[in-house]
Amino acid sequence: MAVFSLPIPTDTNALLLAAVPILAAAVWYRIQRRRHFNLDAVRGPACSSWLYGNVHEMLAGELGELEREWASQHGDIVRLQAPFNAPVLLVMDPKAVQHVFTYSVDNFHLDRERNFFSEILLGNALPVIDGDKHKRQRKILLPGFSAAEVKSHLGLFTMDAGKLVEKWKRHLDSAKVNSAVINTTSDMTKATLDAIGIVAFDYTFDALDGKENELTKAYQDILFSLFGKPRPQDELFLSIMGFLPASLVRLLLTKGPIPKLQRAQAATKLADGLIERSLRDKQIQASVEHDKSKKDILSLISRAYTSDNDKMRLTDSEMVSTMKTMILAGNDTTSTSLTWALYELAKHPEFQADLRREIHERNTWEPTFKELESMTLLNATVMEVLRMQPSLGTVYRQLVVDEVLPLSTPLKLKNGREISQLPVPSGTKMLVSIEAYNRHSDIWGPDAGEFNPRRWLDANGKLGMKGYSDTMTFGHGARRCLGWRFAVLEIQAFLFQLIGHLEFSPSAGSEKVIRMGGAILTPIVPEEFAKGAQMPLTVGYATMD
């Protein structure tokens, strides 16, 4: 899961005044470091504010727009400025991105300041921890996300997708129309939340049925409401936090009067209570004790909690944090991918019709795992959506040692000299662009910015390339998304039902949608920003061949 910016508290004067000595020391420290490493030689856009920097310009804009503009002007490594003129590297070079994710992962840690906010939402979970702690927890949880275990969830995904189809059909029937504009992202989020509740810890949200549930309301659009469209002051707040002890930062964030953080803490408290009750349910514990072969997420965590092996035992906080990650990260990223899939298919009706034909040829509404895997156009669609619309467009990293970034193409510096590798000092912060990698013309060709699922097919119409490993959507290496198979199967199952039964086309609202990447990739109608995530599409009955 990505980590995000957060709005600064309204009363900042006292905080800034108290931070003056720290800031003075920081400026001196950075001057000393430049004697050995000077990233000022790297080109980048002009910055009008020494105090605020210009990182916020990219984070608050439409995903990919400034990245592409800056890459064309300055190259695939761009120097941005955090507050106080601190360098931040925007990394878009394919070889450099691969190096960060795959070949030198232990040297690139999570961004310290942004990680504090992830801790509030997720606790001590995989997306928040580094090093040996991450490796240990990942090893414990990995069996529950194996291909064999993920297959067992197909029936549930099919059922929930069918419920979403029936809800939209009822909407059409009650209005006595053949088609209607529906905000697809709202119901999609509810449907995937229902699925994750059952699969993760055997809890029924009934969100799609409109059941009143405090946790459902608490998590509705929470990532966007907390982190969408950050302001210049956000980066300033984060920079000041960088000079404070971790214990003091946590105290300020948990006790400070920050309304949006208070909402996150309330949601976390609700989730903690629900998960703790589920994990300690006697019936669940009994089923685990009688069947050691079960590897669903809840059973796995329960066994790890009672393990006699200290190295394979999860603590109470680790258990709860893992389940919160499943609810928040697992639900939001999958529903986002599905929403953008419908958007892309709505804009490409010919391909949507071909995909629907492939679905109808199966002559079943309950496909097996093998049948889904054999569907060429369905899998090409999923791969292309994940390439074009990565739920996490940008990830944050911070170097913990001096490093050298290899480059795919030479980088031209301010003095005109070209380099094939870039020395980067310890402590440097980076914005690594998954969006840029997934749309890089050196990898995907001149049509890299166009939705074209057939790029995944070879001359014989079969699936080519390596599949989901070709993109950076799920990451790579030791920090690759643990639940990627889970997400892919859920997307396959939902698209099978949705495209098989219904037809999607653009609406006046969807033509205005922009891609906001402040948190996860969120569809926004600019003049209705306050409404949060929206994807209004025209939905109608599909024509059956």
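FYI, side chains are in, hydrogens and waters are out, and symmetry mates aren't considered; it's all heavy atoms of this structure.
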> Is Asp447 reaching over with its side chain to a backbone N or O of Glu450, donor-acceptor style, under 3.5 angstrom?
Replying inline: no

> Hey, mind stepping through Glu67 and Leu431 against side-chain contact (heavy atoms from CB on, under 4.5 Å) and telling me if it holds?
Replying inline: CA-CA 11 Å; Glu67 291 96 315; Leu431 295 172; over 6 Å; no

> Just checking, is any N or O donor in the side chain of Asn115 or His109 under 3.5 Å from an acceptor N or O on the other one?
Replying inline: no

> So, the side chain of Glu384 versus the backbone of Arg455: is there a donor-acceptor pair under 3.5 Å, distance only?
Replying inline: no

> Where is the tightest heavy-atom contact between Gly427 and Gln398, given as atom of each residue plus distance?
Replying inline: O-NE2, 3.5 Å

>> Taking salt bridge (Lys or Arg N to Asp or Glu O under 4.0 Å) as the definition, give me every residue that meets it alongside Asp458, ordered by chain and number, with sequence neighbours left out.
In response: none

>> Ring-plane angle category for Phe117 and Phe237, please: parallel below 30°, perpendicular beyond 60°, tilted otherwise.
In response: tilted

> Do you know the tightest heavy-atom contact between Asn183 and Ala533?
Replying inline: ND2-O, 4.0 Å

> Can you list the steps and then say if Leu126 with Thr325 is a side-chain contact (heavy atoms from CB on, under 4.5 Å)?
Replying inline: CA-CA 8 Å; Leu126 273 179; Thr325 302; 6.0 Å; no

> Which pair of heavy atoms, one from Pro390 and one from Thr473, lies closest together, and at what distance?
Replying inline: CB-OG1, 3.9 Å

>> Once you measure the plane-to-plane angle for Phe108 and His99, does it fall in the parallel (<30°), tilted (30-60°) or perpendicular (>60°) bin?
In response: perpendicular

>> Donor-acceptor pair, distance only, cut-off 3.5 Å: does the side chain of Ser433 make one with the backbone of Met92?
In response: no

>> Checking the side chain of Ser391 only, and the main-chain atoms of Leu521 only, is there a donor and an acceptor separated by less than 3.5 Å?
In response: no

>> With rounding to the nearest 0.5 angstrom, report the CD to CG distance, Glu503 to Leu498.
In response: 13.5 Å

> Taking C-beta and beyond as the side chain, do Val432 and Met472 meet within less than 4.5 Å on heavy atoms?
Replying inline: no

> Counting only heavy atoms not in Lys414, do more than 12 fall under 6.0 Å of its NZ?
Replying inline: yes

> Will you find, in the side chains of Thr471 and Asn438, an N or O donor that is under 3.5 Å from an N or O acceptor?
Replying inline: no

> What distance separates Asp332 CG from Ser337 OG, expressed to the nearest 0.5 Å?
Replying inline: 10.5 Å

>> Which heavy atom of Ser239 sits nearest to which heavy atom of Pro83, and what is that distance?
In response: OG-CD, 3.2 Å

> If you measure from the Lys or Arg side-chain nitrogens to the Asp or Glu carboxylate oxygens, is any gap between Asp442 and Lys95 under 4.0 Å?
Replying inline: no

> Rounded to the nearest 0.5 Å, how far does OG1 of Thr394 lie from CD of Glu435?
Replying inline: 7.5 Å

>> Using modelled atom types and a 3.5 Å cut-off, is there a donor and acceptor pairing between side-chain atoms of Glu358 and backbone atoms of Leu355?
In response: no

> So, the side chain of Thr268 versus the backbone of Ile120: is there a donor-acceptor pair under 3.5 Å, distance only?
Replying inline: yes

> Which heavy atom in Arg112 sits nearest to a heavy atom in Met241, and how many Å separate them?
Replying inline: NH1-O, 3.3 Å

> Can you tell me how far CD1 of Ile182 sits from CG of Leu537, rounded to the nearest 0.5 angstrom?
Replying inline: 9.0 Å

> So how far is it from Ile129 CD1 to Leu122 CG, rounded to the nearest 0.5 Å?
Replying inline: 11.0 Å

> Between Gln98 and Tyr437, is a side-chain contact (heavy atoms from CB on, under 4.5 Å) present by the stated rule, with each step listed?
Replying inline: CA-CA 9 Å; Gln98 292 169 356; Tyr437 182 93; 2.9 Å; yes

>> Using a 3.5 Å distance criterion without hydrogens, assess whether the side chain of Asn54 forms a donor-acceptor pair with backbone atoms of Leu80.
In response: no

> Does a donor on one side chain sit under 3.5 Å from an acceptor on the other, for Gln492 and Asn379?
Replying inline: yes

>> I'd like to check Gln137 versus Thr322 (side-chain heavy atoms, cut-off strictly below 4.5 Å). Are they in contact?
In response: yes

>> Is any side-chain heavy atom of Met188 closer than 4.5 Å to one of Ser335?
In response: yes

> Looking at Ser510 and Tyr343, what are the two nearest heavy atoms and their distance?
Replying inline: O-CE1, 3.8 Å

> Is there a side-chain contact (heavy atoms from CB on, under 4.5 Å) between Leu236 and Phe84 once you walk through the steps?
Replying inline: CA-CA 9 Å; Leu236 178 60; Phe84 318 118; 3.5 Å; yes

>> Using a 3.5 Å distance criterion without hydrogens, assess whether the side chain of Arg515 forms a donor-acceptor pair with backbone atoms of Leu63.
In response: yes

>> With a 4.5 Å cut-off on side-chain heavy atoms, are Val91 and Ile77 touching?
In response: yes

> Distance-only, no hydrogens or angles: does the Ser507 side chain make a donor-acceptor pair with backbone N or O of Val181 under 3.5 Å?
Replying inline: no

>> Ring-plane angle category for Phe474 and Tyr468, please: parallel below 30°, perpendicular beyond 60°, tilted otherwise.
In response: perpendicular

> Is any side-chain heavy atom of Asp76 less than 4.5 Å from a side-chain heavy atom of Pro94?
Replying inline: yes

> How far apart are the C-alpha atoms of Arg397 and Asp130, what are their side-chain angles, what is the distance that settles it, and do they pass the salt bridge (Lys or Arg N to Asp or Glu O under 4.0 Å) test?
Replying inline: CA-CA 11 Å; Arg397 290 293 185 266; Asp130 275 310; over 6 Å; no

> Does any non-hydrogen side-chain atom of Val385 lie less than 4.5 Å from one of Ile491?
Replying inline: no

>> Can you confirm whether Pro45 sits close enough to Val78 that some side-chain heavy atom of one is under 4.5 Å from a side-chain heavy atom of the other?
In response: yes

> If you draw a 6.0 Å radius around CD in Gln265, do more than 12 non-hydrogen atoms from other residues or ligands fall strictly inside?
Replying inline: yes

>> Check the orientation of Phe351 and Phe451. Use parallel for under 30°, tilted for 30 to 60°, and perpendicular for over 60°.
In response: perpendicular

> How long is the span from the CD1 atom in Ile327 to the OG1 atom in Thr192, to the nearest 0.5 Å?
Replying inline: 12.0 Å

>> Using a 6.0 Å cut-off, check whether atom OH of Tyr103 has over 12 heavy atoms from anything other than its own residue.
In response: no

> Are the charged groups of Glu511 and Lys347 less than 4.0 angstrom apart, N to O?
Replying inline: no

> With the threshold set at 4.0 Å, does a side-chain nitrogen-carboxylate oxygen contact exist between Arg454 and Asp354?
Replying inline: yes

> Are Asp470 and Trp444 side-chain neighbours, meaning at least one heavy-atom pair lies under 4.5 Å?
Replying inline: yes

> Between Arg387 (side chain) and Ala448 (backbone), is there a donor-acceptor pair under 3.5 Å?
Replying inline: yes

